[in-house]
S.K.: 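This is the structure, below, for whatever I ask next.
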Amino acid sequence: PAEPTLVLRLKFLNDTERLARVRPGDTVGALKRTYFPGQEQQVRLIYQGQLLRDDTQSLAGLHLGHLSVLHCHLSPPSVAPTAPGSPGPRSPAPAALGVGSLALPLFVLLLALLWYLQLQHRHVFTATATTCLAGLTLLVTFVAFAMYRR
């Protein structure tokens, strides 16, 4: 007689689900090959909090029931290491300088110029202007540390 089939729910991290029809005699490796062809090395299956590491283990040995949930994690493909002396993968092209990457240095340069003018020509700057300049300097300093701290 034909072996009965089970329907398993493959649940992914983004809460999507996929149904898998399997036989209890199938192995974990066969399930990966059938439902994740070419990605067998990247897929991790978790059942009841346990990572299913042994690809030769049968599904019957896991005591899976109809509509049991297997959590699936697909990791990105890893880059194969290159042999010494062989040309490695090309490094990505340098990113073009955009206005965003130049904004903070331009603000710092502008603030430095304003402080120079304030020190050389104090009679032009009122107390309010100097206070605003100090506040703006503090703001730009906090932004700079926040950006480059990452």
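Computed over heavy atoms, backbone and side chain alike; hydrogens, waters and symmetry mates excluded.
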S.K.: Might you confirm whether atom CD of E40 has over 12 heavy atoms from other residues, nucleotides or ligands at distances under 6.0 Å?
M.R.: yes

S.K.: Would you compute the distance between atom CZ of R44 and atom CZ of R53 and round it to the nearest 0.5 angstrom?
M.R.: 9.0 Å

S.K.: To the nearest 0.5 Å, how far apart are CG in L6 and CG in L64?
M.R.: 7.0 Å

S.K.: Test side-chain contact (heavy atoms from CB on, under 4.5 Å) on V108 and V140; report intermediate values, then the result.
M.R.: CA-CA 7 Å; V108 171; V140 170; 4.2 Å; yes

S.K.: Apply side-chain contact (heavy atoms from CB on, under 4.5 Å) to the pair L45 and C72, showing each step before the final yes or no.
M.R.: CA-CA 5 Å; L45 298 175; C72 304; 3.5 Å; yes

S.K.: Step by step, work out the side-chain contact (heavy atoms from CB on, under 4.5 Å) result for Y116 and L111.
M.R.: CA-CA 9 Å; Y116 173 78; L111 282 173; over 6 Å; no

S.K.: To the nearest 0.5 Å, what is the distance between OG (S58) and CG (L31)?
M.R.: 12.0 Å

S.K.: Report the distance from atom NZ of K32 to atom CG of D26, rounding to the nearest 0.5 Å.
M.R.: 14.0 Å

S.K.: Side chains of residues 11-25: which donor-acceptor partners sit under 3.5 Å, not counting sequence neighbours?
M.R.:
unit_1	atom_1	unit_2	atom_2	d
N14	OD1	T16	N	3.2
N14	OD1	T16	OG1	2.7
E17	OE1	R9	NE	2.9
E17	OE2	R9	NH2	2.8
R18	NH1	Y35	O	3.2
R18	NH2	Y35	O	3.0

S.K.: Indicate the atoms forming the closest heavy-atom contact of T137 with T141, along with that distance.
M.R.: O-OG1, 2.7 Å

S.K.: So if you build clusters from Ile, Leu, Val, Met, Phe, Trp, Tyr with side-chain heavy-atom gaps below 4.5 Å, do V143 and L114 land together?
M.R.: yes

S.K.: So does Y47 have more than 12 non-hydrogen atoms from other groups sitting under 6.0 Å from OH?
M.R.: yes

S.K.: Can you see which heavy atom on T34 is nearest to which on P37, and at what distance?
M.R.: O-CD, 3.8 Å

S.K.: I need the T130 OG1 to L119 CG distance, nearest 0.5 Å.
M.R.: 9.0 Å

S.K.: Is L70 linked to L74 within one hydrophobic cluster, defined over Ile, Leu, Val, Met, Phe, Trp and Tyr using a side-chain heavy-atom separation of less than 4.5 Å?
M.R.: yes

S.K.: Starting from W115, can I reach F107 by hopping between I/L/V/M/F/W/Y residues whose side chains sit under 4.5 Å apart?
M.R.: yes

S.K.: Would you say the side chains of Q57 and T27 form a donor-acceptor pair under 3.5 Å?
M.R.: no

S.K.: Please evaluate residues V124 and L117 with respect to the criterion side-chain contact (heavy atoms from CB on, under 4.5 Å), reporting the C-alpha separation (whole Å), side-chain torsions for both, the decisive distance (0.1 Å), and the verdict.
M.R.: CA-CA 9 Å; V124 177; L117 291 173; over 6 Å; no

S.K.: Atom CD of Q48 and atom OG of S68: how far apart are they, to the nearest 0.5 Å?
M.R.: 7.5 Å

S.K.: What is the minimum heavy-atom distance between G65 and L8, and which atoms define it?
M.R.: O-CD2, 3.9 Å

S.K.: In terms of hydrophobic clusters joined by side-chain contacts under 4.5 Å, are L10 and I46 together?
M.R.: no

